[in-house]
Amino acid sequence: MNDVTEGPKATRTLNMVQAIGAALMQAMEGDDRVVVLGEDVGKFGGVFRATLGLYERFGESRVIDTPLSEAGIIGTAIGMALYGLRPVAEIQFADFVYPGFDQIVSELAKYRYRSGGHFTCPVLVRMPYGGGIRGGLYHSQSPEAYFAHTAGLVVAIPSNPHDAKGMLLAALKHDDPVILLEPKRIYRASRGEVPDAPYEVPLGKAAVVRPGRDLTIVAYGAMVSVALDAAATLESEHGRSAEVIDVRTLVPLDLETLAASVNRTGRAVVVHEAPRTCGYGAELVASLQETCFWRLEAPLERVTGLDTPFPHTLEHYYLPDTPRVVSAALRALTA
Amino acid sequence: MRSAENCVGLVSALDRRLTTLSNLGRIPPHAACDGEEAALVGAALALEETDWVFWGRQLNVPALVRGVSPTELLTGGLSGGVSLTGVLASRRIVACTQGPASRFPHAAGLAYAARGHGHIAFADLGAGAISDGDVHVGVNFAAVLKAPAVFFIRSYGETRIVERADGWGVMGMMVNGHDVGAVRDTVRAARAHALARSAPVWIEARLRRDSATDLALLTAHDTEVASAFEAAEARMAESRLAAEKAPAQTHGAEA
């Protein structure tokens, strides 16, 4: 049973999937141009149930069960957007996006530039990503760096139900493509108060989710809760105060918020579950080094997934966890 | 509106001028119609101006048919295409995608969104790209989504491409690609079918590699294109002069 409050600022306790579903429902109610398409998003309600109830409410013309082809899902969403619709394309797992990668990188991201600004492609691409569900190598990957590397895309990753709803609604107001990567490991594990009324969490703004003095931990998606656990451990077992920042939007990056923290603490650990080499953490530490070099007290640390395929059975070794983040933090604090 | 034959001759004359400029290094590589003028012009003439056109590299054809002047096209060529983006977009001509067949799913999606509005999405492709997966993806999505799109393939008859329509359960049509009137009539019929049934149509326009074009038709517009080129050169010179005379732009606070 959900906790419910009444009144103009009414909220209810939702998990992330429910928050995403609520956002889609409100977006489709408020704007006839919003359509949802993807594999099993209609009658079935999506494999993670994010689109549950939309088909019954809005019908098959706006909630479209597509053939099994990511290139087709993205490609037709582009055509719909050119005509003025606001398509929400669901890629069932981020691991499946690669057949549609060309449509995202070569077409979706470049329509505005290629047409001298005459055509825009306001397509929202949603995809569950990341490990921690024993999904093996083809249901666990974190491809955010590929998209962050492509000019023309906004790349956003929520870490909690409140942000998931607000970022999705903000993305649907955006006139250019947005890649929304949803950490499926916490689809249901992450619960929190979510306003009933529509609201937006602005894209391009990071959030300080735990203030601290001695060290900055930068994370996004499912790694935010790992960072918060590590901060609590550093406080209780080592007497050190860690600030935790949720990046929320990878592109455009809110470097101002990150740099303000690191300039103050002089030490930072960046955490993500994608492989280390050319992972988004490399961009974060490079940007922080350029911006905060003269205030740094220690080398910037990265805690990441490994440079291997995502493992079938050893994901607990692969994924960053609290002890690894604490170890990196202690290295930074004692350097 | 220009006649079909008039368009074919003009496209050919423009192609020769732009190819020469390209060979001289004055403009980026130019994709000429190379004997496919009749197929391309016939298709463009069959469409209504409200239809959306997803076209390959021979963009002069739909542009001319939709009222862009030879001078504008030559100016566009001399500017590296920059000045043409708005000219084409305002006429619902979506310029070439990176992958030739990448535009097929776009046409399917646009046609789906446009259902009930009385216009279609038209996508053109040379059969050299027929093996690209997006060909199947686009036509299959259009078939499944019941989208009024017309997919137009220029082929050289190595295989009977028209028969692929059966696999998608869509209507297939074949036409002699060197007969501009027949192509126009076929695409018109396809357009009507797509709108009436809210369904895609697959057309194969057959071409011969050794086709000989009427020499009189090829040279009929050389004079017109020559004067359009002079006008384009003058326009470009004026733009350069204006840019040189303009006061230097300063960033930040205004003085």
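Every chain is numbered from 1 and lettered A, B, ... according to where its sequence line falls, protein lines coming before strand lines. Since the structure is predicted, the reported quantities are computational estimates derived from the model, not experimental observations.
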Parallel, tilted or perpendicular, as decided by the 30° and 60° cut-offs, for the rings of A:F119 and B:W52: tilted
B:R103, part contacting chain A, at a heavy-atom distance under 4.5 Å: neither
More than 12 heavy atoms of other groups within 6.0 Å of A:E29 CD: yes
Among A:E60, A:M80, A:K110, A:R33, residue most engaged with chain B (heavy-atom pairs, under 4.5 Å): A:M80
Ion pair B:D51/B:R191, N-O distance below 4.0 Å: yes
Part of A:S69 lying under 4.5 Å from any heavy atom of chain B: both
Side chain / backbone / both / neither for B:F104 at chain A, heavy atoms under 4.5 Å: neither
Contact leader toward chain B among A:I64, A:L85, A:L37, where contacts are heavy-atom pairs under 4.5 Å: A:I64
Under 4.5 Å from any heavy atom of chain B - which part of A:A77: neither
Max heavy-atom pair count under 4.5 Å with chain A, selected residue of B:L84, B:L145, B:V94, B:N140: B:V94
B:F122 and B:F152 aromatic ring geometry - parallel, tilted or perpendicular at 30°/60° bounds: tilted
Heavy-atom neighbours of A:Y199 OH exceed 12 at 6.0 Å: yes
For chain B, the option from A:I74, A:D65, A:V35, A:L82 that forms the most heavy-atom pairs under 4.5 Å: A:L82
Salt-bridge present (A:E107, A:R114; N to O < 4.0 Å): yes
Salt-bridge present (A:D32, A:R86; N to O < 4.0 Å): no
When B:A95, B:A121, B:S90, B:P105 are compared by non-hydrogen pairs under 4.5 Å with chain A, the top option: B:P105
